[in-house]
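Shown next, in structure tokens, is the structure this report addresses.
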Amino acid sequence: MNPKTSPLMIYMNGRLVPKEEAVVSVFDHGFLYGDGVFEGIRAYNGRVFRLQEHMDRLYRSARAIILDIKMSPEDLIQKVLETLRANQLRDAYVRLVVSRGTGDLGLDPRKCPEPTIIIIADKIALYPEECYSVGLDVVTVSTRRNSSQALSPNIKALNYLNNILAKIEANLVGVREAIMLNLEGFVAECTGDNIFYIKGDRLITPPTTAGALDGITRNCVMELAPSLGLKAEEKLFTPYDLYTAEESFLTGTAAEVIPVIRIDSRTIGSGKPGAKTQKLIRAFRDLTQKEGVPI
Ligand code: PXG
């Protein structure tokens with residue numbers, strides 16, 4: 001963490017300001033309508049992991065909602081690095097938020113001349129170690145993933161109500177994550193993580209067209225698969241395929257690679273984190289220590 005005496009500095013619209021001063025207008029359309037986009041990024045050991053990929057996804061999300069960030073991705077990368085430096089952070093979680101900006105009470109985005117750009121870099125709140133050593137219990141919930149015909153789940157938009165409703169369902173039954181199905185009943189993803197299962201040498205995850213975010217950790221795992229003798233595949237599947245899998249795990253920037261050992265009260269595989277999942281966890285952790293843009 002940054003020294004106790006200096007407050008956390010937040011990047012806001014061109015300036016680094018102390019946390020207490022980092023406030024947005026009640027007329028900001030990010031607040032009023034969830035009109036905006038975001039990214040969650042990690043820094044490991046003084047380097048920002050897959051920063052270009054996160055930036056590319058942010059600009060794709062912005063383009064999809066016709067939001068002009070009014071800053072080049074190269075400049076925004078520099079601002080992310082500056083924010084990390086200002087807070088003397090080497091291992092961190094970075095939240096990059098771009099909202100439509102301040103407008104009036106109507107929803108017309110033409111009333112918002114300037115986007116609000118915020119970078120929060122803080123100490124990472126790691127998942128408890130037992131999530132990795134014991135594995136997660138998850139449930140399939142009744143909240144379906146947004147239909148891509150209404151709002152593409154590939155837009156990392158500020159409106160996460162769909163995922164939050166699913167998270168509430170998981171909370172209510174005392175588990176950490178929820179599996180969301182799409183409208184057709186195929187597995188899409190979890191509330192803030194992608195999902196995989198393993199059968200033999202096949203490593204399977206839903207295609208993005210099923211409602212899965214094009215996750216950056218998901219892509220890392222698919223890249224690492226061949227080196228561990230696994231064939232990565234994108235395929236539509238139902239909860240049945242998960243119940244009968246040998247291993248299952250979730251991926252996400254915050255969670256990294258996290259084993260799943262129970263789904264809807266069914267034991268997955270041996271009920272312990274699978275051997276292949278554990279190899280992937282190690283390979284992913286190695287990658288995070290090796291790669292990245294220096295702060
Ligand atoms: N699916 C969804 C819906 C996500 O929001 C992921 C998958 C994983 O993608 P990456 O690129 O991170 O591998 C995400 C991203 C949290 C939190 O606090 C997590 C995300 C977003 C917001 C909050 O756990 N995950």
Side-chain angles (χ1 to χ4, degrees), residues 30 34 36-44 48-61 64 80 92-99 118-128 131-132 136 138 141 143-148 151-171 175-182 187-196 205-225 232 234 248-258 260 280-281 283-285 287-288 291-292:
V37 296
F38 78 102
E39 276 299 317
I41 309 169
R42 285 277 286 269
Y44 294 89
V48 188
F49 189 65
R50 301 257 158 149
L51 182 52
Q52 189 63 52
E53 284 86 340
H54 282 285
M55 214 47 83
D56 291 346
R57 191 171 64 186
L58 182 80
Y59 279 77
R60 282 202 304 275
S61 294
V80 168
Y93 185 76
V94 178
R95 176 61 57 89
L96 184 41
V97 182
V98 183
S99 83
I118 296 169
I119 305 166
I120 308 166
D122 205 351
K123 219 176 97 179
I124 171 90
L126 294 173
Y127 279 57
C131 291
Y132 302 90
L136 289 189
V138 302
V141 294
T143 304
R144 298 294 177 106
R145 193 71 183 98
N146 280 334
S147 164
S148 55
L151 176 66
S152 171
N154 269 293
I155 303 171
K156 220 166 144 53
L158 289 183
N159 194 318
Y160 251 49
L161 205 44
N162 182 230
N163 311 54
I164 289 164
L165 291 175
K167 187 68 146 190
I168 289 169
E169 288 193 67
N171 291 346
V175 303
R176 294 186 79 96
E177 253 297 12
I179 298 171
M180 301 176 81
L181 309 180
N182 65 18
V187 172
E189 62 177 344
C190 293
T191 69
D193 300 297
N194 289 110
I195 187 161
F196 286 82
T205 195
T208 58
T209 49
L213 184 77
D214 189 9
I216 287 161
T217 322
R218 171 185 184 271
N219 289 337
C220 290
V221 161
M222 289 170 81
E223 275 170 39
L224 290 168
E234 292 181 309
S248 176
F249 60 86
L250 312 182
T251 63
T253 296
E256 301 184 326
V257 179
I258 203 156
V260 170
L280 277 166
I281 292 173
F284 179 74
R285 287 187 172 161
L287 192 65
T288 62
E291 268 194 8

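The first residue in the sequence is number 1, and the count goes up from there. For ligands, and for the atoms within them, numbers begin at 1 and follow the listed sequence.
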**Prompt:** Considering only heavy atoms, which of Ala125, Ala166, Gly192, Cys220 lies nearest to atom 25 (N) of ligand 1?
**Reply:** Gly192
In the protein, what heavy atom is nearest to [atom], and what distance, to one decimal place, separates them?
| atom | value |
| --- | --- |
| atom 5 (O) of ligand 1 | Tyr160 OH, 2.4 Å |
| atom 15 (C) of ligand 1 | Lys156 NZ, 3.2 Å |
| atom 16 (C) of ligand 1 | Ala254 CB, 4.4 Å |
| atom 13 (O) of ligand 1 | Thr217 OG1, 2.6 Å |
| atom 1 (N) of ligand 1 | Glu189 OE1, 2.6 Å |
| atom 23 (C) of ligand 1 | Arg95 NH2, 3.5 Å |
| atom 12 (O) of ligand 1 | Thr253 OG1, 2.5 Å |

**Message:** Looking at Arg218 and Glu189, is there a salt bridge between them, counting it only when a charged N and a carboxylate O are closer than 4.0 Å?
**Reply:**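 No, this pair does not count.
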**Prompt:** Do NZ/NE/NH1/NH2 and the carboxylate oxygens of Lys156 and Glu39 come within less than 4.0 Å?
**Reply:**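 Result for this pair is no, no salt bridge flagged.
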**Asked** What about Phe249 and Phe284, are their ring centers closer than 6.0 Å?
**Response** no
**Asked** Given that the side chain starts at C-beta and the backbone is N, CA, C, O, which of these parts of Asn163 lies under 4.0 Å from ligand 1, counting heavy atoms, or is it both or neither?
**Response** side chain
**Prompt:** Does a donor on one side chain sit under 3.5 Å from an acceptor on the other, for Thr217 and Glu256?
**Reply:**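 Side chains of Thr217 and Glu256: no pair found under 3.5 Å.
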**Asked** Between the side chains of Gln52 and Asp56, is a donor N or O closer than 3.5 angstrom to an acceptor N or O?
**Response**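 Side-chain D/A pair, Gln52 to Asp56: present.
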Can you list the ligand 1 atoms lying under 4.0 Å from a non-hydrogen atom of [X]?
| X | value |
| --- | --- |
| Gly215 | 9 (O), 10 (P), 11 (O), 13 (O) |
| Ile216 | 10 (P), 11 (O), 13 (O) |
| Thr191 | 3 (C) |

**OG-CD1 distance between Ser248 and Ile258, expressed to the nearest 0.5 angstrom** = 11.5 Å
**Asked** Roughly how far apart are Arg60 CZ and Leu58 CG, rounded to 0.5 Å?
**Response**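 The distance works out to 10.0 Å.
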**Request:** Begin with the C-alpha distance, continue with both residues' side-chain angles, and end with the deciding distance and a verdict on side chain to side chain contact (heavy atoms under 4.5 Å, CB included) for Leu136 and Val175.
**Result:** CA-CA 8 Å; Leu136 289 189; Val175 303; over 6 Å; no
**Request:** Given side chain to side chain contact (heavy atoms under 4.5 Å, CB included), test Val80 with Leu96 step by step and report yes or no.
**Result:** CA-CA 8 Å; Val80 168; Leu96 184 41; 4.0 Å; yes
**Message:** Taking only non-hydrogen atoms of Arg57, do any sit less than 4.0 angstrom from ligand 1?
**Reply:**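 Right, Arg57 reaches ligand 1.
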